[in-house]
Protein chains: 2
Amino acid sequence: MDAIDSFDRKLLDLLRHDARQTGRQLAEAVGLSPAACLRRVQRLREIGAIEREVAIISPQVAGQTVKLLVMLVIPPGKPDRIDRLRRKFAALAQVTTIYHVTGKADLVLTVECASMEAYANFTEVHFYSEDIASFETIVVLRSYDAHPEPAPKA
Amino acid sequence: MDAIDSFDRKLLDLLRHDARQTGRQLAEAVGLSPAACLRRVQRLREIGAIEREVAIISPQVAGQTVKLLVMLVIPPGKPDRIDRLRRKFAALAQVTTIYHVTGKADLVLTVECASMEAYANFTEVHFYSEDIASFETIVVLRSYDAHPEPAPKA
DNA sequence: TGAAATTTGCGAAAAATCCGCAACAGACAA
DNA sequence: TTGTCTGTTGCGGATTTTTCGCAAATTTCA
């Protein structure tokens, strides 16, 4: 079965911070042989415990220097309207996350643009449509990594 | 110099989605030799264009199944108050991102907990203090990957 | 145009991953 | 307790990937 034991948890926690560690490094940290570690990591990938491994690109380099939170209010209508919008936004390069939420708003997007001017354009193109009742923009002044180093237990 | 050319951009875009590609795969995609690709990736790491490479762990496995957006209002005071709070929240395992924002709220957190009950506890412990004037919780019903496949140009 | 600096591809060396195999550990029935 | 079954380990070798030196090619800039 695909049960996760304490070795697996330790491996996941290590790779969550740095996915580029070798079998040897992992072995040192968890107390198994390199081969055993790699076999476990392989298995964690297969069962989906590790969804994927990605590189985090510096925002400056990516040319996305302005970050915004956008609260979207969707007019009442067919339930698939939100889903359609979600798919539409997922395809846009400026959109980094999409949340379907409770409360006054229906969708919350995090958006990254090269400039405020670029964001202004973005809103004009995408938010003035009859699919969107209203929206509110929150400007992110600074954003911080949550766990630069090993996190405490939940 | 640390200038980024179009090959580098292509590599960054590839690794942003999947950091586990080999030199051979990258070479195929960008049209350089494997060695040249790996040299460039190495350099992108050194100059910080690639900040780090991480594994994305399935939330179920991580045991964090409830996601929330929390808008925190901080009472007016010394400007370092927000910074102190920020550091405090960054250390908590449940907190995944921290934004310092404009608008009614001052800080926006994304929080992940094992259950609503766990979140209720979390709020009691961390949000009822004189450092926090008020807070509003938005429950995330669903969250979506923004760019499952290659993103369009910005 | 020509010299200097950078980057490329190639191939060998080093390192890491993968895979088969025998040994070991735990679960469970007799 | 004994024996079997299942799953995992460590080991070593085969395979793949990364790293590095070097000469050729390309770009830069005066």
Side-chain angles (χ1 to χ4, degrees), chain A residues 1-63 147-151 153-154, chain B residues 1-63 147-151 153-154:
Chain A
M1 255 316 175
D2 51 335
I4 306 289
D5 68 13
S6 73
F7 282 118
D8 291 324
R9 257 190 294 280
K10 208 156 182 180
L11 289 170
L12 291 174
D13 202 54
L14 289 166
L15 295 174
R16 197 162 70 83
H17 294 285
D18 177 8
R20 259 182 70 73
Q21 295 175 84
T22 66
R24 183 181 300 276
Q25 292 173 288
L26 295 173
E28 179 114 5
V30 308
L32 283 178
S33 72
C37 288
L38 291 174
R39 264 189 303 242
R40 279 168 176 267
V41 171
Q42 185 74 16
R43 178 176 153 280
L44 290 169
R45 281 195 268 259
E46 275 159 14
I47 66 176
I50 295 176
E51 292 186 348
R52 53 204 184 112
E53 285 154 86
V54 303
I56 295 185
I57 309 305
S58 146
Q60 283 104 31
V61 171
H147 314 288
E149 45 227 84
K153 291 249 68 163
Chain B
M1 257 310 170
D2 52 337
I4 305 289
D5 69 12
S6 74
F7 282 118
D8 291 325
R9 256 189 296 279
K10 209 155 181 180
L11 289 170
L12 290 174
D13 202 54
L14 289 166
L15 295 174
R16 198 162 69 84
H17 294 286
D18 177 8
R20 258 182 71 74
Q21 295 174 85
T22 66
R24 183 183 300 275
Q25 291 173 288
L26 295 172
E28 179 115 4
V30 307
L32 284 177
S33 72
C37 288
L38 291 174
R39 264 187 304 240
R40 292 175 94 111
V41 171
Q42 184 73 19
R43 177 177 153 279
L44 290 170
R45 281 196 269 259
E46 276 159 14
I47 67 176
I50 296 176
E51 293 185 347
R52 54 206 183 111
E53 285 153 87
V54 302
I56 296 185
I57 310 305
S58 147
Q60 283 105 34
V61 172
H147 313 287
E149 44 227 83
K153 291 249 65 161

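In the text below, chain A, chain B and the rest are named by the order of the sequence lines, each starting its count at 1.
The minimum heavy-atom distance between A:Ser58 and B:Gly48, with the atom names listed, is CB-O, 3.3 Å. The shortest heavy-atom contact between B:Ala19 and A:Ala55 is CB-N, 3.6 Å.
In the set D:dT8, D:dG10, D:dT18, the nucleotide with an atom closest to the side chain of A:Arg40 is D:dT8. Checked against D:dT19, C:dT17, D:dT9, the side chain of B:Leu38 finds its nearest nucleotide in D:dT19.
Within 3.5 Å, no donor on the side chain of A:Arg39 pairs with an acceptor on the base of D:dG7, nor the reverse.
If you take CZ on A:Arg52 and NE2 on B:His17, they are separated by 8.0 Å, rounding to the nearest 0.5 Å. Taking CG from B:Asp13 and CZ from B:Arg16, the interatomic distance works out to 5.0 Å, rounded to the nearest 0.5 Å. For the atom pair CD (B:Gln42) and CD1 (B:Ile50), the distance works out to 9.5 Å, reported to the nearest 0.5 Å.
Taken residue by residue, residues 18-34 of chain B places heavy atoms nearer than 4.0 Å to DNA chain D at B:Thr22, B:Gly23, B:Arg24.
For the side-chain contact (heavy atoms from CB on, under 4.5 Å) test, residues two or more places apart in sequence or in another chain that qualify with A:Val30 are A:Phe7, A:Lys10, A:Leu11, A:Leu14, A:Leu32, A:Cys37. For A:Ile47, the side-chain contact (heavy atoms from CB on, under 4.5 Å) test picks out A:Asp2, A:Ile4, A:Arg43, A:Leu44, A:Ala49, with sequence neighbours left out. The side chain to side chain donor-acceptor pair (under 3.5 Å) search around B:Arg45 returns B:Glu53, not counting sequence neighbours. Under the rule for a salt bridge (charged side-chain N to carboxylate O under 4.0 Å, His left out), B:Arg24 has no partner lying at least two apart in sequence or in another chain. Under the rule for a side chain to side chain donor-acceptor pair (under 3.5 Å), the partners of B:Arg40 that lie at least two apart in sequence or sit in another chain are B:Asp5, B:Asp8.
Between A:Phe7 atom CZ and D:dG7 atom P the separation is 19 Å, expressed in whole Å. Rounded to whole Å, the distance from CG on A:Asp8 to C1' on D:dT9 is 14 Å.
Axis deviation across the helix from C:dT1-D:dA30 to C:dA30-D:dT1 amounts to 40°, comparing end segments of five pairs, rounded to 10 degrees.
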Show the distances under 3.5 angstrom between N or O atoms of the protein and N or O atoms of nucleotides 27-30 of chain D.
none

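Within the structure, the salt bridge (charged side-chain N to carboxylate O under 4.0 Å, His left out) test picks out no pair touching residues 28-37 of chain B (sequence neighbours left out).
At the heavy-atom level, B:Ala35 lies under 4.0 Å from base atoms of the strands shown.
For A:Gln42, a side-chain nitrogen or oxygen approaches OP1 or OP2 of C:dC18 to under 4.0 Å.
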